[in-house]
Amino acid sequence: MTQALVIGGGIAGLSAAAHLSRDAEVTVLEGEEALGYHASGRSAALIEQNYGAPSVQALNRASVEYLQTHDGGYLTPRGLMILGTAEEEEAFRTDLADMGLEEISVDCACGMVPVLNPDRLRFAGYHADAQDIDTDRLMQGFARTLRQNGGDILTRQKVRSLRYHNEKWELQTDAQAHRADIVINAAGAWADQIAGLAGVAPMRITPHRRSMARIPAPDGQDVSNWPMFFGVGESWYAKPDAGCLLVSPADEDPVEPHDAWAEEMTLATGIALFEKMVTTQVTRLLSSWAGLRSFAPDRTLVLGPDPAAPGFIWCAGQGGYGFQTAPAAGQLVADLVFGRDSALPAQVVAALKPERLR
Ligand SMILES: Cc1cc2nc3c(=O)[nH]c(=O)nc-3n(C[C@H](O)[C@H](O)[C@H](O)COP(=O)(O)OP(=O)(O)OC[C@H]3O[C@@H](n4cnc5c(N)ncnc54)[C@H](O)[C@@H]3O)c2cc1C
């Protein structure tokens, strides 16, 4: 049986590991003490099928059934709204077309989110199909599938070196040495660093920081049924979260891979944009954090065997789509490893394979 080592215990590594474990002996190696410590523990946990490049949208669509039905389903209704001022009509119309939203009246938008400022809001678009993903349970579900298939997950195993020798990959972590036929690079923001350790050419995957503040529900309102709402052009957003509201400046600053945190100025920018669109003031933050969204130059995932390095498999560049694409991305990685036909259209597979970037 093929032996596989998956580097990275975020959603990308866990979904690939679960899918591979049906036909391979799989071990996940995670450098941190816990799974999902980096980007996967810091997301907004939404699936919007019309979000992302065409090949990303194809992965979103191909993932929905799994997300809806597997293990009782991981999705709950949320809805997504885009809000524009009088000066933003052109950008609003672009968003409406790109995301397939329905234009709704200002009254209707204020009915859904009563704190919106009707004097400032001029345009609103809505998509009911956007849904919350139970991201913790999804990661646990993939981990359980992996273990049921005989796979293993090891934490505190930061990979320090890897080399291809006698048709095997040899890895050294902080804790021990490992050997396998194939290596899956699911190291998120560190994916190019892992390639560098292996002597494989990088894919120019760049981490971009995104920050988040949690604030009390405005005016003590019950926010649980509010949609997620965005400024045009993804300039900021807010989303209900366990009785509170998350507010993000939707920042996208390119950074080196690191344990990300939110800067006060960045958070303040997001809060100011949010306050311009609502009738309430933010008086305190409950907490804040940031995570890294790591994109290839074409903002599309990089999935499948490296064209030049035998047994070196990419599962990287998940950007802002790692959860909504995970079931289909994990399936595609397994299909490409075992040379099986994919259920995805050939042009989508070609747009996702590493070859396109070389
Ligand atoms: C603020 C924010 C909001 C988001 N909102 C959404 C959303 O609504 N919907 C959505 O689908 N996506 C969203 N995303 C994107 C999503 O979170 C990411 O695409 C996804 O988590 C990436 O998963 P990953 O497994 O590739 O990366 P990570 O979760 O970062 O996992 C990579 C892992 O590799 C490990 N690693 C790195 N180097 C080594 C090494 N040398 N040895 C061992 N292990 C190593 C790291 O410790 C890490 O745990 C959001 C992201 C952010 C930051």
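Basis for what follows: all heavy atoms, side chains included, without hydrogens, waters or symmetry-related copies. Please read all numbers here as calculations on a predicted model, not as lab measurements. Just follow the structure's listing: the first ligand is 1, and inside any ligand the first atom is 1.
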Heavy atoms only: which of [options] lies closest to [atom]?
atom                    : options                       : value
atom 24 (P) of ligand 1 : Ala12, Ser161, Gly8           : Ala12
atom 16 (C) of ligand 1 : Gly291, Ser40, Gly319, Ala262 : Gly319
atom 1 (C) of ligand 1  : Lys239, Met228, Lys158, Arg42 : Arg42

Within-4.5 Å side-chain heavy-atom neighbours: [X] and [Y]:
X      : Y      : value
Gln49  : His127 : no
Asp192 : Met203 : yes
Asp174 : Arg156 : no

Using a strict cut-off of 4.0 Å, indicate which atoms of ligand 1 neighbour a heavy atom of [X].
X      : result
Gly31  : 43 (C), 44 (N)
Leu29  : 43 (C), 44 (N)
Ala44  : 3 (C), 4 (C), 5 (N), 6 (C), 8 (O)
Ser43  : 2 (C), 3 (C), 4 (C), 5 (N), 6 (C), 13 (C), 14 (N), 17 (O), 50 (C)
His38  : 30 (O), 46 (C), 47 (O), 48 (C), 49 (O)
Glu32  : 47 (O)
Gln157 : 42 (N), 43 (C)
Gln324 : 11 (O)

Tell me which protein heavy atom sits closest to [atom], plus the residue, atom name and distance to 0.1 Å.
atom                    : value
atom 36 (N) of ligand 1 : Ala187 CB, 4.2 Å
atom 31 (O) of ligand 1 : Gly10 CA, 3.6 Å
atom 42 (N) of ligand 1 : Val159 N, 2.8 Å
atom 27 (O) of ligand 1 : Gly188 CA, 3.7 Å
atom 52 (C) of ligand 1 : Arg293 CG, 3.7 Å
atom 39 (C) of ligand 1 : Ile7 CG2, 4.2 Å

Met1 CE: over 12 foreign heavy atoms closer than 6.0 Å |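 More than 12 heavy atoms, drawn from other residues, nucleotides or ligands, come within 6.0 Å of this atom.
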Should we say atom CG of Asp341 is surrounded by more than 12 heavy atoms from elsewhere, each under 6.0 Å from it?
->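 Check fails, neighbour count at 12 or below.
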Going by distance only, is there an N or O of [X] that falls short of 3.5 Å from an N or O of ligand 1?
X      : answer
Met212 : no
Leu46  : yes
Ile11  : yes
Leu292 : no
Glu30  : yes
Gly322 : yes
Ile133 : no

Going by atom types only, do [X] and [Y] share a side-chain donor-acceptor pair under 3.5 Å?
X      : Y      : result
Glu88  : Thr85  : yes
Ser105 : Asp107 : no
Tyr51  : Glu234 : yes

So for [X], does at least one of its heavy atoms come nearer than 4.0 angstrom to any atom of ligand 1?
X      : value
Ala45  : yes
Tyr37  : no
Gly320 : yes

Only one of Leu301, Ile194, Ile205, Leu352 forms a side chain to side chain contact (heavy atoms under 4.5 Å, CB included) with Trp314, so which one is it?
-> Ile205
Going through the checks in order, is the side chain to side chain contact (heavy atoms under 4.5 Å, CB included) test met by Arg214 and Asp241?
-> CA-CA 8 Å; Arg214 179 181 271 116; Asp241 181 60; 2.2 Å; yes
Between [X] and ligand 1, which residue portion shows a heavy-atom distance shorter than 4.0 Å: side chain, backbone, both, or neither?
X      : result
Ile194 : side chain
Ala186 : backbone
Trp190 : side chain

Taking the six-membered ring for Trp, is the centroid-to-centroid distance between His178 and Trp169 below 6.0 Å?
-> no
[atom1]/[X] to [atom2]/[Y] distance, rounded to the nearest 0.5 angstrom?
X      : Y      : atom1 : atom2 : result
Asp152 : Leu154 : CG    : CG    : 4.5 Å
Leu80  : Leu101 : CG    : CG    : 6.5 Å
Leu59  : Gln318 : CG    : CD    : 9.5 Å

Any cation-pi pair here, Arg299 with Phe295, using under 6.0 Å and within 45°?
-> yes
Do the rings of His70 and Tyr74 sit parallel, tilted or perpendicular, given the 30° and 60° boundaries?
->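 His70 vs Tyr74 ring planes: parallel.
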Just say parallel, tilted or perpendicular for the rings of Phe230 and Tyr237, cut-offs at 30° and 60°.
->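 The arrangement is tilted - the two ring planes meet at 30° to 60°.
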